[in-house]
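Remarks on the structure that follows.
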Amino acid sequence: MLAEAVTAAAAAGGIAVVEGAASAAGTQAWESFRTRVAGWFGRGSGNAELERVTLERLDRTAAELDGADEAGQTRQADRWEDRFVDVLEAAPEELRAELAQQLKTFSDELRAELNSGGGTTITSSGAGSLIATDKVDVKGSGSGSTAAVINNTNHYYGTTGSAPAPVNPPAPEPGQA
């Protein structure tokens, strides 16, 4: 049972690193997560130098994930999962369950923060454009354009010209064509 908990915590940690680095780098949620993970590595290994190295690795991961495709994200998640497993397996048996639980907690808290939509930072990046570090609803009204670039993946949503058509138009009333 402990082996399953270690594997599950390591997998959740790897995914959380990728999700956080790809979508929250530079936010308070990411900074908190990376600091906690680096401290976790230092405690789990007993090596304070590893804490510093982990911070550097997390920063490199965030940089490498900027514009990475799904295969690149999967590779990073697998690398981090392996790192987490290495620390958990090397930890004294009496500490392993606690470390696995801590890692799962860090991952769950980051995921909750990312899904909450809280903590959005919006800054102007020029005439008529904004940069947001978290979730934002983009809505238009009247005539004009509304567009959004989502998570640097160049997914554009919006309308040009008149008011947008409803996404799910109502069904016609009986007798109407």
Side-chain angles (χ1 to χ4, degrees), residues 1-125 130-136 148-155:
M1 185 67 173
L2 183 57
E4 291 173 5
V6 164
T7 302
I15 292 167
V17 166
V18 169
E19 288 177 347
S23 64
T27 67
Q28 182 60 40
W30 172 248
E31 292 304 313
S32 175
F33 177 78
R34 74 184 271 286
T35 299
R36 293 171 78 189
V37 166
W40 181 90
F41 269 92
R43 178 176 177 217
S45 68
N47 183 347
E49 177 67 12
L50 189 53
E51 188 172 334
R52 184 190 61 76
V53 170
T54 301
L55 288 170
E56 291 174 2
R57 282 183 175 161
L58 288 164
D59 292 341
R60 279 196 312 270
T61 298
E64 290 171 14
L65 286 171
D66 187 24
D69 61 7
E70 187 175 334
Q73 292 176 354
T74 299
R75 276 191 304 277
Q76 284 292 340
D78 290 345
R79 286 180 188 148
W80 280 99
E81 179 179 349
D82 290 345
R83 289 177 181 134
F84 291 129
V85 165
D86 289 346
V87 171
L88 288 165
E89 287 180 348
E93 192 169 336
E94 64 275 5
L95 185 58
R96 217 173 280 156
E98 179 184 345
L99 288 172
Q101 183 57 50
Q102 286 176 352
L103 181 57
K104 184 178 179 328
T105 298
F106 300 162
S107 302
D108 290 347
E109 288 174 356
L110 176 65
R111 191 164 294 112
E113 180 73 23
L114 294 175
N115 291 330
S116 74
T120 301
T121 302
I122 300 177
T123 56
S124 174
S125 63
L130 300 173
I131 298 173
T133 59
D134 209 333
K135 297 177 184 172
V136 175
V149 178
I150 310 298
N151 291 334
N152 294 327
T153 57
N154 296 326
H155 292 185

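What you see is a predicted model, and the numbers here were worked out from it, not measured in a lab.
- Distance CD/Q102 to CG/L95: 7.5 Å, rounded to 0.5 Å.
- Side-chain contact between V17 and Q76: absent, with no pair of heavy atoms (C-beta onward) separated by less than 4.5 Å.
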Evaluate the criterion side chain to side chain contact (heavy atoms under 4.5 Å, CB included) for residue pair L110 and F106; output intermediate values, then yes/no.
-> CA-CA 6 Å; L110 176 65; F106 300 162; over 6 Å; no

Worked check of side chain to side chain contact (heavy atoms under 4.5 Å, CB included) between R79 and R57 = CA-CA 11 Å; R79 286 180 188 148; R57 282 183 175 161; over 6 Å; no

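- Smallest separation of non-hydrogen atoms from E113 and A29: CG-CB, 3.3 Å.
- Atom CG in N115 sits 7.5 Å away from atom CD in E19 (nearest 0.5 Å).
- Of all heavy-atom pairs spanning A100 and L88, the tightest one is N-CD2, 3.6 Å.
- Minimum heavy-atom separation, F33 to A16: CZ-CB, 3.8 Å.
- Rounded to the nearest 0.5 Å, atoms CG (L58) and CZ (F41) are 7.5 Å apart.
- Closest of all the heavy-atom pairs between L103 and A9 is CD2-O, 3.3 Å.
- Here NZ of K104 is found 8.0 Å from OG of S107. Values are rounded to the nearest 0.5 Å.
- Between A21 and L65, the shortest heavy-atom distance links the atoms CB-CD1, 3.6 Å.
- For the residue pair T105 / E109, no side-chain donor-acceptor distance below 3.5 Å is found, with atom types taken as modelled.
- Electrostatic pairing of R75 and E64 does not count as a salt bridge here, judged by no charged N lying under 4.0 Å from a carboxylate O.
- Dense packing is recorded around CD of E49, with more than 12 heavy atoms of other residues, nucleotides or ligands lying under 6.0 Å away.
- Atom CZ of residue R83 and atom OG1 of residue T54 lie 8.0 Å apart, to the nearest 0.5 angstrom.
- Residue L99 holds its CG atom at 12.5 Å from CD of E89, rounded to the nearest 0.5 Å.
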Intermediate values then yes/no, side chain to side chain contact (heavy atoms under 4.5 Å, CB included), I15 and R111 | CA-CA 10 Å; I15 292 167; R111 191 164 294 112; 3.5 Å; yes

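- A cation-pi arrangement, defined by a distance under 6.0 Å to the six-membered ring centre and an angle within 45 degrees of its axis, is absent between R43 and W40.
- Within the 3.5 Å criterion, the main-chain N or O of E31 finds a donor-acceptor partner in the side chain of T35.
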